[in-house]
Amino acid sequence: MAAGAGMSGVVDLAGPSASTKTAEVRPQRVTVLGATGSIGASTLDLISRSGGAFEVFAVTANANVEGLAACARASGAKRAVIGEEALYAALRDALEGSGIEAAAGEGALIEAASVPVDCTIAAIVGAAGLRPALAAVRTGRRLGLANKECLVSAGDIFMNEVESSGCELIPVDSEHSAAFQVLRGTQPEAIEKIILTASGGPFRDWPLERIVNATREDALKHPNWSMGAKITVDSATMMNKGLELIEALHLFPVTTDQLGMLVHRQSIVHCLVSFVDGSVLSQMAEPDMRTPIALALSWPRRMPAPTKRLDLTQISQLSFEPADEIRFPAIRIARAAMERGGSAPAVLNAANEIAVSAFLDGRLRVPDIASMVEETLGRADKGGLLGEADSLEGILGCDSEARRLCEELVSRKG
Ligand code: NDP
């Protein structure tokens, strides 16, 4: 992908009446991919409070049989799918007597995602969510996309499929949900800059020498958000913001130099968009993912979400500062991969997934995450891996080779 390739495949910026059908009275059918995770639980919580406005078709997980069976039963889902094929019998037993259909394996995940529903929430973590999310896109219905790694790895391919299928893509990542709302009805040429905000994570004020010895528990202590482990570590290294820049490039009609970020400690302003006339618009909300998920479920309407209401007199101060790229080298590395384009973002993402998992297993320290990713990108470049990203098979090939390279580096380090 060349710099600026995000100009072609973008979410529809027309106003709500131009892009959506009138809401029907019947319950909206929803599939939740990654139902046992943090976004999955927030989605099911909203659905359970919706007074029957939604009904669940399928819920999926990777290995958490108990959690999946519990949320399938509680939500009245028709189908529950576990990614690990070997866990089929355990899931079937856990669902016994419920009438809920059990299935297992990657093929079953894709098959469940291929069944047309009104809205699919894509909340699997990592590039593992790419094929199921693409299957949901191909149904041509609505996709609430939380799984940012899909767009980082295969953004051009993904957005081409969105365009050709007529899928209505609503971003769930809070910054992109904010930009999506702010940009409604905007002419692309009126946009000057999209600025994503970042809390700065738990290490924003730590002396650099202390970060070297940060533990898993330190990294998982996010100051503002409660999220799954992988994205929480990504927030601690600020790789998350790098991934989000690439996500924004694909979602919105901007070039790489129109994307910026600011550290905003309070996580109240989720994104700022500046326009050619000097206006800056933003969206604000308390940091609770149920707000952007509710938007994805109910757009162009708004459904009630039981979140804490914003009281600016209590918060009293909103602060903004530049991101520190010395403290957080992942930002520079991700930006370089975004500007390089092609398969570089897929390699960045795959290496980061391996490095984060090694950190969570106690095999790496926090600063090693960014250096492993950078080294993997360097080796991939030398090995001629950073080429075009024009086929899904090509991208998946780069992804697995980058994982292998990074694993090798991690083992050597260990
Ligand atoms: P969690 O780790 O909490 O949940 C991940 C979900 O994906 C679980 O249901 C898990 O199943 C499933 N899963 C994991 N690996 C696989 C696999 N190989 N195949 C199939 N399913 C799998 O993640 P989050 O909910 O925090 O994040 C989900 C996505 O949303 C990520 O891409 C993240 O970046 C994005 N996001 C999350 C936010 C948040 O607040 N949490 C905010 C913005 C974006 P199991 O339980 O069995 O492991």
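Along the sequence shown, residues carry numbers from 1. Indexing begins at 1, ligand by ligand and atom by atom, following the structure's order.
- Annotation: cation-pi pair Arg184/Phe180 present, NZ/CZ under 6.0 Å from the ring centroid and within 45° of its normal.
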Report the C-alpha distance between Thr291 and Glu286 in whole Å, list the side-chain angles of each, state the deciding distance to 0.1 Å, and finish with yes or no for side-chain contact (heavy atoms from CB on, under 4.5 Å). CA-CA 8 Å; Thr291 295; Glu286 284 284 345; over 6 Å; no
Assess the residue pair His264 and Leu272 against the criterion (side-chain contact (heavy atoms from CB on, under 4.5 Å)); give the C-alpha distance rounded to whole Å, side-chain angles, the decisive distance to 0.1 Å, and a yes or no. CA-CA 11 Å; His264 165 52; Leu272 299 138; over 6 Å; no
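- Heavy-atom minimum distance, Thr60 versus Gly34: OG1-N, 2.9 Å.
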Criterion side chain to side chain donor-acceptor pair (under 3.5 Å) on Thr255 and Gln258, from CA distance to verdict: CA-CA 5 Å; Thr255 52; Gln258 286 177 288; 3.2 Å; yes
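- Around ligand 1, the residues contributing at least one heavy atom under 4.0 Å from the ligand are Gly34, Ala35, Thr36, Gly37, Ser38, Ile39, Ala61, Asn62, Ala63, Asn64, Leu109, Ala123, Ile124, Val125, Ala128, Ala146, Asn147, Lys148, Glu149, Asp173, Met227, Gly228, Ile231, Met289.
- Under a cut-off of 6.0 angstrom, the local environment of CD1 in Ile326 is sparse, with at most 12 non-hydrogen atoms contributed by other residues, nucleotides or ligands.
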